[in-house]
Amino acid sequence: MSPIVQLNIGGDFYTTTLQTLKKYQGSKLFEMFNGQPKLRTDSEGRYFIDRDGKYFKYILEYLRNGQVPNQCILEVYKEALFYEIEPLVKKLEETPQIFGEQVGRKQFLARVPNYHENIEVMIRIARAEVVASRHSNVFVCIVRTDEDASKCQDALNTLDMDKESVVKFGPWKASPSIADLLDCIKVDIEDKGYKVSYMTHVADKGFRLKTYDFFYKFVFMWW
């Protein structure tokens with residue numbers, strides 16, 4: 001094939017060399033262009049890759065001259081993982097953005113039992129509650145220790161709500177606080193495209209308002 005390669009990456013067009021694309025053996029780009037190309041072409045004969053082309057320029061810059069991007073780090077990291085360019089993946093994992101996400105946040109959340117499953121449960125509850133309403137509420141119980149979990153259950157028995165609809169997080173053995181976990185929950189829900197806020201749950205007990213240490217209300221806004 002020609003040493004000059006025309007690419008269509010998700011609608012963005014690039015021109016580069018075969019040598020650049022095959023720089024790293026074992027990468028997906030090397031496999032794509034090693035021997036007979038294994039890609040479809042568009043109407044102009046450009047090789048088509050169904051990815052977001054916006055960030056491919058950073059991949060090319062690294063392949064051409066070893067330049068590690070200093071912007072759009074998370075997005076470029078996802079592309080580097082897809083194209084399996086291990087040297088770039090390792091360099092990006094040393095950046096503060098990826099290092100903090102991989103080593104700090106993900107390892108913390110891995111110690112919170114059923115964290116990702118609970119996020120999905122919250123979303124299902126919120127969607128089920130939105131009937132002719134601008135928002136829906138989801139209640140969560142967050143505890144750090146086994147002792148707190150017992151206290152939470154006792155407090156749950158005093159609340160006037162469907163206990164089955166309360167999503168429980170914890171306990172966990174790590175230094176991050178309940179506030180840290182609340183922020184993680186909010187960020188991960190918003191990453192899925194939802195608009196959400198949270199607050200401490202305050203229950204109306206007759207003439208008194210009582211704040212519960214373990215309970216929080218997440219409000220999903222729909223319009």
Ionic contact status for [Y] with [X], cut-off 4.0 Å:
| X | Y | result |
| --- | --- | --- |
| E94 | K90 | no |
| R64 | E61 | yes |
| R105 | D188 | yes |

Counting only heavy atoms not in [X], do more than 12 fall under 6.0 Å of its [atom1]?
| X | atom1 | answer |
| --- | --- | --- |
| E147 | CD | no |
| E120 | CD | yes |
| K78 | NZ | no |
| K22 | NZ | yes |
| K195 | NZ | no |
| K192 | NZ | no |

Min side-chain heavy-atom separation [X]-[Y] under 4.5 Å:
| X | Y | answer |
| --- | --- | --- |
| T17 | P3 | no |
| Y194 | I123 | yes |
| I189 | I119 | yes |
| I142 | I185 | yes |
| C72 | Y58 | yes |

cation_pi([X], [Y]) dist<6.0 Å, angle<=45:
| X | Y | value |
| --- | --- | --- |
| R46 | F13 | yes |
| R51 | F56 | no |
| K23 | F30 | no |

| request: Start with the C-alpha distance between F169 and I178, add both sets of side-chain angles, then the distance that settles side chain to side chain contact (heavy atoms under 4.5 Å, CB included), and finish with yes or no. | output: CA-CA 10 Å; F169 288 87; I178 288 178; over 6 Å; no
| said: Quick one about Y77 and E93 (side-chain donor to acceptor, distance below 3.5 Å, no hydrogens or angles considered), yes or no? | reply: yes
| task | Would you please say whether a donor-acceptor pair under 3.5 Å links the side chains of D183 and Y198? | result | yes
Taking [X] for the side chain and [Y] for the main chain, is one N or O donor matched with an acceptor at less than 3.5 Å?
| X | Y | value |
| --- | --- | --- |
| K28 | F82 | yes |
| D12 | D52 | no |
| N114 | E117 | no |
| K57 | G53 | no |

| request: Please lay out, stage by stage, how I49 and Y83 fare under the test side chain to side chain contact (heavy atoms under 4.5 Å, CB included). | output: CA-CA 11 Å; I49 300 176; Y83 292 111; 3.7 Å; yes
Linking I/L/V/M/F/W/Y whenever their side-chain heavy atoms sit closer than 4.5 Å, directly or via other members, would [X] and [Y] fall into one cluster?
| X | Y | answer |
| --- | --- | --- |
| V121 | Y115 | yes |
| V140 | M221 | no |
| V167 | V219 | no |
| Y47 | Y24 | yes |
| Y216 | V187 | no |

Do you know the tightest heavy-atom contact between [X] and [Y]?
| X | Y | value |
| --- | --- | --- |
| V196 | K186 | O-CE, 3.3 Å |
| Q97 | I73 | NE2-CG1, 3.5 Å |
| W223 | S133 | NE1-O, 3.2 Å |
| P171 | R144 | CB-O, 3.2 Å |
| V5 | L18 | CG2-N, 3.8 Å |
| E79 | Y55 | CG-CB, 4.1 Å |

| task | Just grab all the side chain to side chain donor-acceptor pair (under 3.5 Å) pairs involving residues 169-179, residues at least two apart or on different chains. | result | S177-D180
Spatial distance of atom [atom1] ([X]) from atom [atom2] ([Y]) [nearest 0.5 Å]:
| X | Y | atom1 | atom2 | value |
| --- | --- | --- | --- | --- |
| S165 | F139 | OG | CZ | 7.5 Å |
| L63 | L21 | CG | CG | 7.0 Å |
| Q6 | T41 | CD | OG1 | 12.5 Å |
| Y62 | L88 | OH | CG | 5.5 Å |
| D50 | L39 | CG | CG | 11.0 Å |
| L92 | I85 | CG | CD1 | 10.0 Å |

| field | Steps toward side chain to side chain contact (heavy atoms under 4.5 Å, CB included) verdict (M32, K38) | value | CA-CA 5 Å; M32 288 176 178; K38 307 167 182 64; 5.7 Å; no
| request: Could you go through the side-chain hydrogen bond (donor to acceptor under 3.5 Å, both in side chains) check for S136 and W222 one step at a time? | output: CA-CA 8 Å; S136 51; W222 300 107; 2.9 Å; yes
| request: Mind running side-chain hydrogen bond (donor to acceptor under 3.5 Å, both in side chains) on S27 and E84 for me, showing each step along the way? | output: CA-CA 5 Å; S27 72; E84 299 176 4; over 6 Å; no
| note | Taken in chain and number order and not counting sequence neighbours, the residues that satisfy salt bridge (Lys or Arg N to Asp or Glu O under 4.0 Å) with K106 are none
| request: For F48 and I9, run side chain to side chain contact (heavy atoms under 4.5 Å, CB included): C-alpha distance rounded to whole Å, both residues' side-chain angles, the deciding distance at 0.1 Å, then the answer. | output: CA-CA 6 Å; F48 179 75; I9 313 294; over 6 Å; no
| task | Specify whether H201 and F215 have parallel, tilted or perpendicular ring planes, treating 30° as the upper limit for parallel and 60° as the lower limit for perpendicular. | result | perpendicular
